[in-house]
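Every chain is numbered from 1, with letters handed out A, B, ... down the list of sequences.
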2 protein chains.
Amino acid sequence: MPRRPGKVSIRHVAEAAGVSVATVSNVVRGRKNVSDAVRARVEKTIDTLGYLPNRAAMQLREGRNRIVGVLVPSLDNPFFTAIIASIENCARRDGYDIIVASAGEDSALASSRLKALLSWRPAGMIVLPNDDCFADAGLLDASGVPYVVLDRLPGASVADTVAVDNEQAATEIAAHLAGLGHRHMLVVATTLSLANIRERCAGILAYCARAGLPEPRVLEVGHHFEDGPPGLTEALAGANAPSAVIALTNSITLGALRCLHQSGYAVPGDMSLVGYDDYAWMRATLPPITAICQPVDALGAEGWSRLMLRIAGEGTAPLQVRLACTLVVRGSTAPPRTGNLS
Amino acid sequence: MPRRPGKVSIRHVAEAAGVSVATVSNVVRGRKNVSDAVRARVEKTIDTLGYLPNRAAMQLREGRNRIVGVLVPSLDNPFFTAIIASIENCARRDGYDIIVASAGEDSALASSRLKALLSWRPAGMIVLPNDDCFADAGLLDASGVPYVVLDRLPGASVADTVAVDNEQAATEIAAHLAGLGHRHMLVVATTLSLANIRERCAGILAYCARAGLPEPRVLEVGHHFEDGPPGLTEALAGANAPSAVIALTNSITLGALRCLHQSGYAVPGDMSLVGYDDYAWMRATLPPITAICQPVDALGAEGWSRLMLRIAGEGTAPLQVRLACTLVVRGSTAPPRTGNLS
DNA sequence: TTCCGCAAGTTAAACGTTTAACTAACGGGA
DNA sequence: TCCCGTTAGTTAAACGTTTAACTTGCGGAA
């Protein structure tokens with residue numbers, strides 16, 4: 001009998017060891033008493049045959065199982081992959097496997113990916129919706145599979161959610177810039193159709209209103225910009241030109257920085273820049289970038305532990321968790337040139 | 001009957017539609033002729049009941065299945081996650097799901113993760129080993145599951161492998177720098193215990209030898225450096241100081257750049273820098289970074305198509321594929337100061 | 001009419017587990 | 001001696017599919 005883990009079942013082990021399949025199962029799962037002699041014999045047989053339990057069969061029999069499905073908009077964005085890394089860590093610790101699917105921008109695709117994940121009968125799901133209508137909530141609710149929604153909050157939800165406190169983060173940014181003496185700020189956003197982006201904008205506008213500063217202009221540039229965010233160059237110049245740029249996303253931070261360099265602005269001399277998400281490269285640029293650090297790790301971990309509670313059947317009402325961000329001040333922000341004060 | 005996809009089986013559908021389970025299966029899988037009337041009735045029932053086939057049961061019954069396991073060293077490294085993104089794309093296109101596990105630096109953990117993946121009886125596996133002894137090759141071979149090894153090549157392997165042509169890339173780097181007039185180069189590597197890193201070094205040394213240039217110094221800095229790669233500052237100065245730094249990894253590129261800035265070197269005025277992996281941030285720095293662009297997407301896609309061939313049972317001999325890298329020349333490399341010429 | 005073939009459905013076995021229910025053997029207390 | 005309890009192990013059903021083999025009914029060719 002060659003070692004062919006894919007082909008050897010509990011039955012082969014039982015025969016080779018001269019016991020019943022139930023006994024092998026008992027040895028493997030440690031459920032019932034088995035004499036030391038038999039246990040040793042079975043374990044040895046398992047080893048020589050290279051037996052691995054078949055998870056499909058286990059799962060079928062047990063009903064419950066130890067997979068969690070994770071659905072993200074994209075695997076190309078380090079923000080999402082960092083969250084996955086965090087979740088995977090938790091999963092491994094708790095003896096779960098995760099199945100990852102990415103939905104892209106397309107919500108039809110999101111539905112079909114979600115169905116594929118659900119057909120695994122996962123113990124739970126962690127979803128990062130790709131828009132905030134989150135049309136699939138119904139599907140998920142109907143399935144009865146416990147789930148938690150991360151990062152992007154659906155409009156009206158009965159589920160557990162874990163997200164970042166966008167307003168607090170926005171306030172910190174605005175307060176920092178205002179503290180340095182900036183009056184005119186330019187906010188660069190991907191799209192206002194996402195609730196968390198809207199919250200970030202709203203937070204900044206609200207602060208400026210309270211502080212009696214002119215209302216910052218908001219520029220919407222979309223998700224894809226190869227050669228710098230469209231319209232940014234124009235928005236930087238002219239009357240009421242900003243003295244500080246706030247990038248609301250990690251990719252925008254990159255695009256804005258590139259655009260500033262290409263247009264010949266010195267950072268922070270001519271223009272201050274606040275970025276979003278705190279990545280290693282932001283520490284390597286000259287100057288290093290002042291940025292909002294989203295607690296990615298905590299986001300994943302908190303989502304995971306909420307999910308575990310749900311799976312354990314805690315009947316509590318849906319909980320909406322908000323995690324605080326921290327503003328890491330580095331070299332890309334400074335007081336505006338006096339000429340820009342006004 | 002409430003819509004509870006998790007709870008409704010093919011049997012419920014059959015009863016509700018007044019047909020046998022076999023007929024439902026035939027409708028779902030489209031295997032045999034079913035009259036239009038019955039098909040319509042069954043499809044409607046499936047819809048109202050919210051039936052989703054149970055993959056565990058399918059898999060158990062069919063033996064084969066449509067999962068591919070992907071094992072990577074880490075989910076924190078964008079190089080690996082980009083490969084995963086590429087694989088996931090292919091998988092979706094071909095109707096597969098992927099299960100992702102990360103092994104960390106620990107090879108004991110790698111073994112246990114691998115076993116967990118194998119217990120799913122995947123149709124195939126894609127592995128990025130975390131060292132080049134790749135002790136688990138035996139386990140994988142014994143399992144009979146087709147697999148391909150990506151990026152890091154195990155010492156002696158009978159499997160399909162897809163990797164990058166490290167020597168070609170190294171030659172391009174060295175030739176570029178030599179062409180600019182650099183004579184003394186400093187190579188910064190994570191660890192020489194990885195075959196692909198060794199190949200990169202060897203390629204550079206070989207070129208310099210051929211070109212009659214002094215042998216570049218190689219600095220080994222390990223995987224973790226929060227505050228710049230250890231020993232780098234010292235290696236930059238002194239007699240025979242380099243006029244160009246070659247970073248052999250994306251994280252090292254970051255570390256080196258940061259170190260150069262902190263030590264007050266102007267790039268490329270005082271020191272040229274060539275980086276590894278071509279990420280968006282390298283275009284946003286001032287100057288943008290000259291770097292080797294590894295064909296990440298092709299790496300994943302090529303690995304996937306090799307795997308599909310294996311799964312289809314092509315009995316060909318193991319194939320070792322090497323993909324070419326391209327050197328993207330940007331602003332971080334320039335002729336050395338004349339003082340540095342020697 | 002008889003028989004054959006085809007179309008449309010059904011029956012039942014099998015996949016690899018887990019586990020409740022059962023059996024066998026053995027000692028010890030009354 | 002009889003009975004009971006415990007321990008160590010076995011038997012068999014069940015989980016939700018797929019599919020080979022079978023049944024039934026019908027139309028047409030001989």
Side-chain angles (χ1 to χ4, degrees), chain A residues 4-43 45-46 49-67 116 118-123 143-144, chain B residues 4-43 45-46 49-67 116 118-123 143-144:
Chain A
R4 289 258 155 214
K7 299 297 167 199
V8 23
S9 77
I10 202 175
R11 183 156 284 120
H12 298 122
V13 177
E15 279 166 15
V19 296
S20 74
V21 289
T23 301
V24 178
S25 177
N26 285 331
V27 168
V28 173
R29 315 223 77 220
R31 285 286 204 218
K32 278 182 73 174
N33 281 346
V34 179
S35 72
D36 289 349
V38 172
R39 151 166 289 115
R41 199 164 77 237
V42 170
E43 279 171 349
T45 314
I46 287 179
L49 255 45
Y51 164 74
L52 281 177
N54 182 324
R55 300 203 56 157
M58 278 188 185
Q59 185 181 140
L60 177 57
R61 166 63 217 224
E62 294 184 333
R64 69 203 136 79
N65 60 44
R66 296 179 84 80
I67 334 173
L118 283 176
S119 73
W120 286 101
R121 303 289 190 271
S143 77
Chain B
R4 288 258 155 215
K7 300 297 168 197
V8 22
S9 76
I10 202 174
R11 182 156 286 120
H12 297 122
V13 177
E15 280 165 14
V19 296
S20 73
V21 288
T23 300
V24 178
S25 176
N26 285 331
V27 168
V28 174
R29 312 223 80 218
R31 285 287 202 217
K32 277 182 73 172
N33 281 346
V34 179
S35 71
D36 289 349
V38 172
R39 148 165 292 115
R41 199 165 76 238
V42 169
E43 277 170 350
T45 315
I46 286 179
L49 256 45
Y51 164 73
L52 281 177
N54 182 323
R55 300 204 55 156
M58 276 190 187
Q59 183 180 143
L60 177 57
R61 166 62 217 229
E62 295 185 336
R64 69 205 136 77
N65 59 45
R66 295 179 84 80
I67 334 172
L118 283 176
S119 73
W120 285 101
R121 303 290 190 271
S143 76

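- At least one donor-acceptor pair under 3.5 Å links the side chain of B:N65 to the backbone N or O of B:R121.
- Proximity note for A:A57 (side chain, C-beta onward) versus C:dT17, D:dC15, D:dT18: the nearest is C:dT17.
- Summarising the geometry, atom CG belonging to B:L60 is positioned 12.5 Å from atom CE belonging to B:M58; distances are rounded to the nearest 0.5 Å.
- An angle of 70°, rounded to 10°, separates the two end axes of the helix from C:dT1-D:dA30 to C:dA30-D:dT1, each defined over five pairs.
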Quick one: what's the B/S/- string for nucleotides 20-28 of chain D, heavy-atom cutoff under 4.0 Å, read 5' to 3'? -B-------

Table of protein N/O atoms under 3.5 Å from nucleotides 25-27 of chain C N/O atoms:
none

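- Minimum atom distance to the side chain of A:V38 is reached by D:dG9, of the listed D:dA13, D:dG9, C:dC15.
- Here A:R55 lies out of heavy-atom contact (under 4.0 Å) with every strand.
- Distances shorter than 4.0 Å separate none of the side-chain N or O atoms of B:N33 from OP1 or OP2 on C:dA7.
- Using a 4.0 Å cut-off, some side-chain N or O of A:S25 falls inside it from OP1 or OP2 of C:dT18.
- Close to C:dT17, at under 4.0 Å from its OP1 or OP2, lies no side-chain N or O of A:N54.
- In the set D:dG9, C:dG9, D:dT17, C:dG9 carries the atom at the smallest distance from any side-chain atom of B:V34.
- Among the protein residues, A:S35 comes within range of the sugar-phosphate backbone only, with heavy atoms under 4.0 Å from sugar or phosphate atoms but none that close to a base.
- Residue A:R29 places at least one side-chain N or O under 4.0 Å from the OP1 or OP2 atom of C:dT18.
- When distances run from any side-chain atom of B:T23 to the nucleotides C:dG9, D:dT19, C:dT19, the shortest one goes to C:dG9.
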